[in-house]
Chemist: 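Submitted below is the structure of interest, expressed as structure tokens.
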Amino acid sequence: MTTVTSARVLDHPGRDEIRLENVLHALADPMRMKVVRELAAVSEELSCSHFDLPVTKSTTTHHFRVLRESGVIRQVYRGTAKMNGLRRQELDDLFPGLLDVVLAAAGHEADRLGGA
């Protein structure tokens, strides 16, 4: 892992440190899947405040931390905003097709259950 040198630099696993079991754990939670689905639908980074999750702020922070520490997202500060981007290329290189299949399944489930 990279070393945190200031409060404005966030720790992320390197590409070779990303493990399938951590990615699957991160994607198993409905709130985290909602974040990943929203990030996958756009080409730009989104701020944490963009996401409207029906949980407390501290729980939202926890979900973003799990996604970041598992290697699913990259978080960077842009001014005062913490921006989030999906690490799609790295995930596709490490686990070909996984993200597409999981996102498609989540979309089918949302349609089946009548949710977004």
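In what follows, every heavy atom counts, from backbone to side chain, and hydrogens, waters and symmetry copies are set aside.
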Chemist: Distance from F64 atom CZ to Q75 atom CD, nearest 0.5 Å?
Modeler: 6.5 Å
Chemist: To the nearest 0.5 Å, tell me how far D29 CG sits from H62 NE2.
Modeler: 7.5 Å
Chemist: Within the side chain of R32, is there an N or O that forms a donor-acceptor pair under 3.5 Å with the backbone of A26?
Modeler: yes
Chemist: Considering only heavy atoms from C-beta outward, does the side chain of H25 approach that of V66 to under 4.5 Å?
Modeler: yes
Chemist: Does either side chain, that of E17 or that of H12, offer a donor lying less than 3.5 Å from an acceptor on the other one?
Modeler: no
Chemist: Looking at CZ of R87 and CG of L99, how far apart are the two atoms once the value is rounded to the nearest 0.5 Å?
Modeler: 12.5 Å
Chemist: Verify, without hydrogens or angle tests, whether T59 (side chain) and V55 (backbone) share a donor-acceptor contact under 3.5 angstrom.
Modeler: no
Chemist: Could you check if a side-chain atom of L103 sits within less than 4.5 angstrom of a side-chain atom of R37, using non-hydrogen atoms only?
Modeler: yes
Chemist: Check whether any side-chain heavy atom of R68 lies under 4.5 Å from a side-chain heavy atom of D11, and answer yes or no.
Modeler: yes
Chemist: Assess whether a salt bridge exists between R88 and D93, defined as any Lys/Arg side-chain N lying under 4.0 Å from an Asp/Glu carboxylate O.
Modeler: no
Chemist: Would you call R74 and E90 a salt bridge, taking side-chain N to carboxylate O under 4.0 Å as the test?
Modeler: yes
Chemist: Can you get from F51 to V76 by hopping between Ile, Leu, Val, Met, Phe, Trp and Tyr side chains that sit under 4.5 Å apart?
Modeler: no
Chemist: Can you confirm whether L91 sits close enough to V23 that some side-chain heavy atom of one is under 4.5 Å from a side-chain heavy atom of the other?
Modeler: yes
Chemist: Hey, could you give me the CD/CG distance between E44 and N84, rounded to the nearest 0.5 Å?
Modeler: 12.0 Å
Chemist: Would L86 and L24 show up in the same hydrophobic cluster when neighbours are defined by side-chain heavy atoms closer than 4.5 Å?
Modeler: yes
Chemist: Give, for atom CG of N22 and atom CD1 of I18, the distance between the pair rounded to the nearest 0.5 Å.
Modeler: 9.5 Å
Chemist: Please check if Y77 and V35 belong to a single hydrophobic cluster, counting links between Ile, Leu, Val, Met, Phe, Trp and Tyr side chain heavy atoms closer than 4.5 Å.
Modeler: no
Chemist: State yes or no: do V72 and V42 share one hydrophobic cluster built from I, L, V, M, F, W and Y residues joined by side-chain heavy-atom distances below 4.5 Å, directly or via other members?
Modeler: yes
Chemist: What do the steps show when you test H63 against K34 for side-chain contact (heavy atoms from CB on, under 4.5 Å), and what is the final call?
Modeler: CA-CA 11 Å; H63 286 310; K34 179 177 172 42; over 6 Å; no
Chemist: So which heavy atom on L10 is nearest to which on K82, and how close?
Modeler: CD1-CD, 3.9 Å
Chemist: Is the backbone of A106 close enough, under 3.5 Å, to the side chain of E109 for a donor and an acceptor to pair up by distance?
Modeler: no
Chemist: Just how far is it from atom CG of L20 to atom CG of L94, taken to the nearest 0.5 Å?
Modeler: 9.5 Å
Chemist: M83 versus L46: any side-chain heavy-atom pair under 4.5 Å?
Modeler: no
